[in-house]
Amino acid sequence: MQKTYTPELVYYAGNQLLEGPVWSEKEQRLYFVSIEDEMIYRLNEETTEITSYPTNGPVGAAVLNKDGKIISAEKQGIHLIDPETKERTYLMQANEDERQRYNDGKLDPNGRFLIGTMGYGETLEGEAHLFIIEDGEVRILLSDLTLSNGMGWTKDGRTFYHIDTPTKKVKQYDYDLANGTVSNGKTIVEITGNGSPDGMCVDVDEKIWVAEYGGKQICKWDPATGEKLLTIPMPVSNITSCCIGGENKAYLYITTAKEDDEPLSGGLFKVKIR
């Protein structure tokens, strides 16, 4: 008998664009961003308590460093936020193009911050970047992008995945952990149909989950073969991102964006996957 995967609504507040879920193993809390509301949220599922962290402009991504501090990529710059005191420290501005805003971002296995850009209010074909930030220094990891989006690494950190949404492809690169550089890019997954690849995550089994914006589904893929392993239908169209979390990492947390006439769109969901 085939297993049924049922998305469960975890949080809903009518947000336009939820993104970038990050699970804190230490806190057993979920962080995620509401880009247009200029807000980072921390959710305690047990108590349903939400902690809010206002940002300075639209926030593309919020990640947790090794000290448990939030690195927040905001339109007006990248900040460090203490999750308990909410004290904010300005770090730097990687993106100098006012026409762009930050989008998806993650820490590599060595703690470098990778953050992408996209057109702010307009599509700027081929003008977005994926920046890499290390010890206060910024350089461009990937260029000639249009909408830099989901990314992830294998456990050994030697393989890197990245999505440039309009291409409808997931690309794989060799990743030099010592230097934070990429090489040998190739397409491993191409999305067909209505959906476009948005955020993604790497599961504990090294397979990848890819959220489909406009596709009303999230799918699991084998990056070695390009085979689609599993499709989880969603009750809303615009699936923006995902992460593994919860007790024993048994859940896939999924963010979504608003769509007219879809009552649950813009909500946060979870699916028990094991």
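The chain is numbered in sequence order, starting from 1.
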Problem set entry | Rounded distance [0.5 Å steps], OG1 in T154 versus CD1 in I208 | 11.5 Å

Problem set entry | Side-chain H-bond candidate by donor/acceptor type, E8 with Y251, under 3.5 Å | no

Exercise. Rounded to the nearest 0.5 Å, how far does CD1 of I163 lie from OG of S148?
Worked result: 9.5 Å

Exercise. What closest approach, in Å, do Q217 and K228 show between heavy atoms, and which atom pair accounts for it?
Worked result: NE2-NZ, 4.1 Å

Exercise. Is there a salt bridge (Lys or Arg N to Asp or Glu O under 4.0 Å) between R88 and E74 once you walk through the steps?
Worked result: CA-CA 12 Å; R88 291 167 53 84; E74 308 168 11; 2.8 Å; yes

Problem set entry | Spacing of I232 atom CD1 and Y5 atom OH [to the nearest 0.5 Å] | 7.0 Å

For this session: Output, in order, the C-alpha distance, side-chain angles, deciding distance and verdict of side-chain hydrogen bond (donor to acceptor under 3.5 Å, both in side chains) for E262 and S237.
Result: CA-CA 8 Å; E262 291 185 355; S237 296; 2.5 Å; yes

Problem set entry | Residue pairs, two or more places apart or on separate chains, that pass ring-ring contact (aromatic ring centres under 6.0 Å, His included) and touch residues 227-250 | none

Problem set entry | Pairs satisfying salt bridge (charged side-chain N to carboxylate O under 4.0 Å, His left out), at least one member in residues 181-204, at least two apart | D203-K220, D203-R274

Exercise. Where do Y253 and G245 come nearest, in terms of heavy atoms and distance?
Worked result: CE1-C, 3.7 Å

Seminar exercise, completed: Heavy-atom nearest pair, G193 first then K168, reads O-NZ, 2.7 Å

For this session: Report, as yes or no, whether the 6.0 Å neighbourhood of atom CD on E25 holds more than 12 heavy atoms from other residues, nucleotides or ligands.
Result: yes

Exercise. Among all residues two or more places apart in sequence or in another chain, which pass the side-chain contact (heavy atoms from CB on, under 4.5 Å) test with T225?
Worked result: D222, E227

Exercise. Between D176 (side chain) and A178 (backbone), is there a donor-acceptor pair under 3.5 Å?
Worked result: yes

Seminar exercise, completed: For S52 and P54 the tightest heavy-atom approach is O-CD, 3.8 Å

For this session: Mind checking the NZ-CD1 spacing from K249 to I273? Nearest 0.5 Å is all I need.
Result: 11.0 Å

For this session: Can you tell me which residue pairs pass the ring-ring contact (aromatic ring centres under 6.0 Å, His included) test with a partner in residues 64-103, sequence neighbours excluded?
Result: H79-Y90

For this session: Applying side-chain contact (heavy atoms from CB on, under 4.5 Å) between T256 and each of V236, L17, N238, L18, report the one that passes.
Result: V236

Exercise. With respect to M118, which candidate in N149, L147, D164, L124 satisfies the side-chain contact (heavy atoms from CB on, under 4.5 Å) definition?
Worked result: L147

For this session: Supply the atom-to-atom distance S241 OG to L268 CG, rounded to the nearest 0.5 angstrom.
Result: 11.0 Å

For this session: Write out all pairs satisfying ring-ring contact (aromatic ring centres under 6.0 Å, His included) with one or both partners inside residues 193-249, taking only residues at least two apart or from two chains.
Result: none

Seminar exercise, completed: CG of N184 to NZ of K171, rounded to nearest 0.5 Å, is 11.0 Å

Problem set entry | Modelled atom types, side-chain donor and acceptor of E127 and T146, under 3.5 Å | no

Exercise. Step by step, would you call S72 with T55 a side-chain hydrogen bond (donor to acceptor under 3.5 Å, both in side chains)?
Worked result: CA-CA 8 Å; S72 175; T55 62; 5.6 Å; no

Problem set entry | Criterion side-chain contact (heavy atoms from CB on, under 4.5 Å) on K86 and T51, from CA distance to verdict | CA-CA 10 Å; K86 300 191 179 182; T51 306; 3.8 Å; yes

Exercise. Around atom NZ of K207, are there more than 12 heavy atoms of other residues, nucleotides or ligands at under 6.0 Å?
Worked result: yes

Problem set entry | Cluster link L30 to I244, ILVMFWY, side chain under 4.5 Å | no

Output a table of donor-acceptor pairs, distance under 3.5 Å, between side-chain atoms of residues 60-70 and any protein atom two or more places apart or on a different chain; print 'none' if there are none.
| unit_1 | atom_1 | unit_2 | atom_2 | d |
| --- | --- | --- | --- | --- |
| N65 | OD1 | D67 | N | 2.9 |
| N65 | OD1 | G68 | N | 3.1 |
| N65 | OD1 | K69 | N | 2.9 |

Seminar exercise, completed: Those residues at least two apart in sequence (or on a different chain) that pass side-chain contact (heavy atoms from CB on, under 4.5 Å) with F131 are A94, N95, I115, T117, H129, V138, I140

Exercise. Would you say the side-chain atoms of T181 and N179 include a donor-acceptor pair closer than 3.5 Å?
Worked result: no

Taking distance alone, no hydrogens or angles, what donor-acceptor pairs closer than 3.5 Å link side-chain atoms of residues 31-42 to residues at least two apart or in another chain?
| unit_1 | atom_1 | unit_2 | atom_2 | d |
| --- | --- | --- | --- | --- |
| Y31 | OH | E27 | OE1 | 2.7 |
| Y31 | OH | E27 | OE2 | 3.2 |
| S34 | OG | N15 | ND2 | 3.1 |
| S34 | OG | D37 | OD2 | 2.6 |
| D37 | OD2 | N15 | ND2 | 2.7 |
| Y41 | OH | N15 | ND2 | 3.4 |
| R42 | NH1 | E27 | OE2 | 2.9 |
| R42 | NH1 | E84 | OE2 | 2.9 |

Exercise. Crowded around E46 CD? As in, over 12 foreign heavy atoms under 6.0 Å?
Worked result: no

Exercise. Is a side-chain N or O of D108 found less than 3.5 angstrom from the main chain of R112, in a donor-acceptor match?
Worked result: yes

For this session: Give a yes or no answer on whether the side chain of S196 reaches the backbone of T165 with a donor-acceptor pair at less than 3.5 Å.
Result: no

Exercise. Taking only residues two or more places apart in sequence or in another chain, which ones pass side-chain contact (heavy atoms from CB on, under 4.5 Å) with Y12?
Worked result: L9, K258

Problem set entry | Side-chain hydrophobic cluster, 4.5 Å single linkage: members besides Y173 | L114, L130, I132, L141, L142, L145, M151, W153, F160, Y175, L177, V182

For this session: List in chain and number order the residues that pass side-chain contact (heavy atoms from CB on, under 4.5 Å) with N194, two or more places apart in sequence or in another chain; answer none if no residue qualifies.
Result: none

Problem set entry | Under 3.5 Å donor-acceptor, T123 side chain and E125 backbone | no

Exercise. Should the heavy atoms of other residues, nucleotides or ligands under 6.0 Å from CZ of R99 be counted, would the total exceed 12?
Worked result: yes

Exercise. Taking it one step at a time, do I254 and T240 satisfy side-chain contact (heavy atoms from CB on, under 4.5 Å)?
Worked result: CA-CA 7 Å; I254 304 164; T240 58; over 6 Å; no

Exercise. Who passes ring-ring contact (aromatic ring centres under 6.0 Å, His included) against F269, sequence neighbours left out?
Worked result: none

Problem set entry | C201/K106 under side-chain contact (heavy atoms from CB on, under 4.5 Å): CA gap, chis, key distance, verdict | CA-CA 10 Å; C201 67; K106 284 187 179 174; 4.2 Å; yes

Problem set entry | Carboxylate-amine/guanidinium contact E45 R29, below 4.0 Å | no

